[in-house]
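What follows is a single structure, written as structure tokens, with notes after it.
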Amino acid sequence: MAEMYIRIAEEENEEPMEIPSEDDGTVLLSTVAAQFPGACGLRYRSPVSQCMRGVRLVDGILHAPENGWGNLVYVVNYPKGRKMDEIDASSATKIKRGDQKTSDLIVLGLPWKTSEQDLKDYFSTFGEVIMVQVKRDVKTGNSKGFGFVRFTEWESQGKVISQRHMIDGRWCDCKLPNSKQGPDEPMRSRKVFVGRCTEDMTADELRQFFMQFGEVTDVFIPKPFRAFAFVTFADDQVAASLCGEDLIIKGISVHISNAEPKHNNTRQMMERAGRFGNGVCISSVFGKYFQRDLSRHVCLGVGMGEKGFWGQKK
DNA sequence: GTTGAGCGTT
């Protein structure tokens, strides 16, 4: 499909603007947002049902309806809270969503040979699966014998948790992961921490993805790769609303939390105090993040880097 | 090239 233009307007009866599609017929949310800042999606009125329909949005890419974009006028969606100012309304939807929202489930006891496709095939018998992962040794690629799965339907999740599973000849258990227990403390920052990133996620892709929630002002990915990123929004309420969520980017479940985590970890507290378990002291004049980086360096130097996770060991 | 309770590279 060649590049074409689709018609987009702020409101249904307003003068539309023509926006270019990509070569494959999709439209980037960023292209829309370039003309309609803060846009998070598109909708249109179905000529058949006369109802408003949402345009499918996956990882920042808008996909044409079944019969193509056609000559319809698409209407811009903005993040909730921008139009709906009442706190009651937003907190009501939050509670409603939070109640039956599915979580990643940990799958324990997997056979070493079980692949992600195997997991998907097995769990699809319980309902639509939106994410599967087998945790592997980074170096060897061998399975660690556990993984994660997420369903779209709450009912599927309930059924799966309530029973044992025979997968490739072994009994496996599915549970809510420990990392999921206990709610995150509230936050007043415009910046969120995005954990469990993979190395192939680019800053551009993260921006594309997160702009569906609100205007993104910055994306920071530490180099070398550290499996996390920081995303800053224009609006701190958007950041706060995402805190504690597990979002799926390119099939991977990433975890959103406070950009500046609470001091509840002994290691972190000692680092902050400038003292290490092995007695090495450093000055506390460094900034928090730099200090954390420095601590990694020091730790590697005194023999705590045996696993070589950070690629320093030769 | 091994293994079998656990918890996802701040």
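Basis for what follows: all heavy atoms, side chains included, without hydrogens, waters or symmetry-related copies. Labels below follow one simple rule: chain letters A, B, ... track the order of the sequence lines, proteins then strands, and each chain is numbered from 1.
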Interatomic distance where CZ belongs to A:R226 and C1' belongs to B:dT9 [whole Å]: 10 Å
Nucleotide B:dT10, atom P - distance to CZ of A:F228 in whole Å: 8 Å
Rounded distance (Å) that lies between atom C1' of B:dC7 and atom CZ of A:R136: 17 Å
Nucleotide B:dT10, atom P - distance to CZ of A:F220 in whole Å: 16 Å
Euclidean distance, atom CE of residue A:M201 to atom P of B:dG8 [Å, nearest integer]: 17 Å
Contacts of type ring-ring contact (aromatic ring centres under 6.0 Å, His included), residue A:Y122, not counting sequence neighbours: A:F126, A:H165
Hydrophobic cluster (4.5 angstrom, side-chain heavy atoms) - remaining members for A:L28: A:I61
Base of B:dG8 paired with side chain of A:N178 (donor-acceptor, under 3.5 Å): no
Donor-acceptor pairs are to be reported for all side-chain atoms of residues 203-210 of chain A against protein atoms at under 3.5 Å, with residues two or more places apart or in another chain.
{"from": "A:E205", "atom 1": "OE1", "to": "A:T202", "atom 2": "N", "distance (Å)": "3.0"}
{"from": "A:E205", "atom 1": "OE1", "to": "A:T202", "atom 2": "OG1", "distance (Å)": "3.4"}
{"from": "A:E205", "atom 1": "OE1", "to": "A:K250", "atom 2": "NZ", "distance (Å)": "2.8"}
{"from": "A:E205", "atom 1": "OE2", "to": "A:K250", "atom 2": "NZ", "distance (Å)": "3.1"}
{"from": "A:R207", "atom 1": "NH1", "to": "A:V216", "atom 2": "O", "distance (Å)": "3.1"}
{"from": "A:Q208", "atom 1": "NE2", "to": "A:S30", "atom 2": "OG", "distance (Å)": "2.6"}

Partners passing salt bridge (Lys or Arg N to Asp or Glu O under 4.0 Å) against A:D168 (at least two apart in sequence or in another chain): none
Whole angstrom value for the distance that separates C1' of B:dC7 from CG of A:L176: 12 Å
A:W171 CH2 to B:dG6 C1', straight-line distance once rounded to whole Å: 20 Å
A:F230-A:F193 aromatic ring centre distance below 6.0 Å: yes
Between P of B:dA5 and NZ of A:K175, the distance in whole Å: 11 Å
Pairs: protein N or O with nucleotides 1-4 of chain B N or O, under 3.5 Å:
{"from": "B:dG4", "atom 1": "O6", "to": "A:W112", "atom 2": "NE1", "distance (Å)": "3.0"}
{"from": "B:dG4", "atom 1": "N1", "to": "A:L110", "atom 2": "O", "distance (Å)": "2.6"}
{"from": "B:dG4", "atom 1": "N2", "to": "A:L110", "atom 2": "N", "distance (Å)": "3.3"}
{"from": "B:dG4", "atom 1": "N2", "to": "A:L110", "atom 2": "O", "distance (Å)": "3.0"}
{"from": "B:dG4", "atom 1": "N2", "to": "A:G145", "atom 2": "O", "distance (Å)": "3.0"}

Hydrophobic cluster (4.5 angstrom, side-chain heavy atoms) - remaining members for A:I248: A:I106, A:L108, A:I130, A:M131, A:F146, A:F148
